[in-house]
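Written below as structure tokens is the structure these notes are about.
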Amino acid sequence: MNKTELIDHIAGNADISKAAATRALDALIGAVKTTLKKNGSVTLVGFGTFTVGKRAARTGRNPRTGDAIKIKAAKVPKFRPGKGLKDALN
């Protein structure tokens, strides 16, 4: 499912226009991004939790040349599914 299909699904199930569904989805994504930028977490009970993880700096290899390269430390988004989502899949 891509973003357009998700918007269509939201609009149909919530009985709202596609424009309103687009604004709602964009607001949700924006809120998650803003919170994660501040090193916070977003918990949607029954769905899951979005958090920020830390990846340490490390040495990697350039696949073309085989030379060693330094890879910087980075913050990465993580998602931990909730019980409701896990139960829906099993």
Side-chain angles (χ1 to χ4, degrees):
M1 177 179 279
N2 62 28
K3 187 175 179 180
T4 304
E5 293 168 342
L6 181 58
I7 289 169
D8 291 341
H9 184 75
I10 292 169
N13 284 353
D15 196 27
I16 58 176
S17 69
K18 287 184 184 180
T22 301
R23 288 192 304 272
L25 182 59
D26 289 341
L28 172 68
I29 292 169
V32 171
K33 282 182 187 178
T34 302
T35 303
L36 293 180
K37 277 185 182 179
K38 295 177 183 176
N39 286 328
S41 66
V42 177
T43 301
L44 302 171
V45 176
F47 182 70
T49 303
F50 296 92
T51 58
V52 177
K54 293 185 172 108
R55 184 177 293 154
R58 61 196 190 279
T59 302
R61 294 266 174 213
N62 181 336
R64 232 180 239 169
T65 63
D67 294 338
I69 57 172
K70 292 182 182 177
I71 301 171
K72 295 180 187 177
K75 293 179 186 176
V76 294
K78 292 186 175 185
F79 177 75
R80 188 173 57 241
K83 185 178 183 331
L85 181 57
K86 288 179 189 176
D87 290 346
L89 298 177
N90 294 319

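The chain is numbered in sequence order, starting from 1.
- Salt bridge status for Asp8 with Lys18: present, with a side-chain N to carboxylate O gap under 4.0 Å.
- Residues Lys78 and Leu36 are not in side-chain contact: their nearest non-hydrogen atoms beyond the backbone lie 4.5 Å or more apart.
- Counting heavy atoms from C-beta outward, Leu6 and Leu25 have side chains that approach closer than 4.5 Å.
- The shortest distance between side-chain heavy atoms of Val42 and Phe79 does not fall below 4.5 Å.
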Open item on the list: Please evaluate residues Asp26 and Lys33 with respect to the criterion salt bridge (Lys or Arg N to Asp or Glu O under 4.0 Å), reporting the C-alpha separation (whole Å), side-chain torsions for both, the decisive distance (0.1 Å), and the verdict.
Closed with: CA-CA 10 Å; Asp26 289 341; Lys33 282 182 187 178; over 6 Å; no
- [ ] Would you please test Ile69 and Arg61 for side-chain contact (heavy atoms from CB on, under 4.5 Å) and show each step?
- [x] CA-CA 6 Å; Ile69 57 172; Arg61 294 266 174 213; over 6 Å; no
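- Side-chain atoms of Arg80 do not come within 3.5 Å of backbone N or O of Thr49 as any donor-acceptor pair.
- To the nearest 0.5 angstrom, Thr22 atom OG1 is 8.5 Å from Ile16 atom CD1.
- Distance check: Lys37 NZ to Lys75 NZ gives 11.0 Å after rounding to the nearest 0.5 Å.
- Side chain of Thr65 to backbone of Asp67: a donor-acceptor contact under 3.5 angstrom is found.
- Between Pro81 and Leu85, the shortest heavy-atom distance links the atoms CB-CD2, 3.9 Å.
- Of all heavy-atom pairs spanning Ile10 and Ala21, the tightest one is CG2-CB, 3.8 Å.
- More than 12 heavy-atom neighbours from other residues, nucleotides or ligands sit within 6.0 angstrom of CG on Asn2.
- In this structure, Lys54 and Val76 have side chains that are not in contact, with every pair of non-hydrogen atoms separated by 4.5 Å or more.
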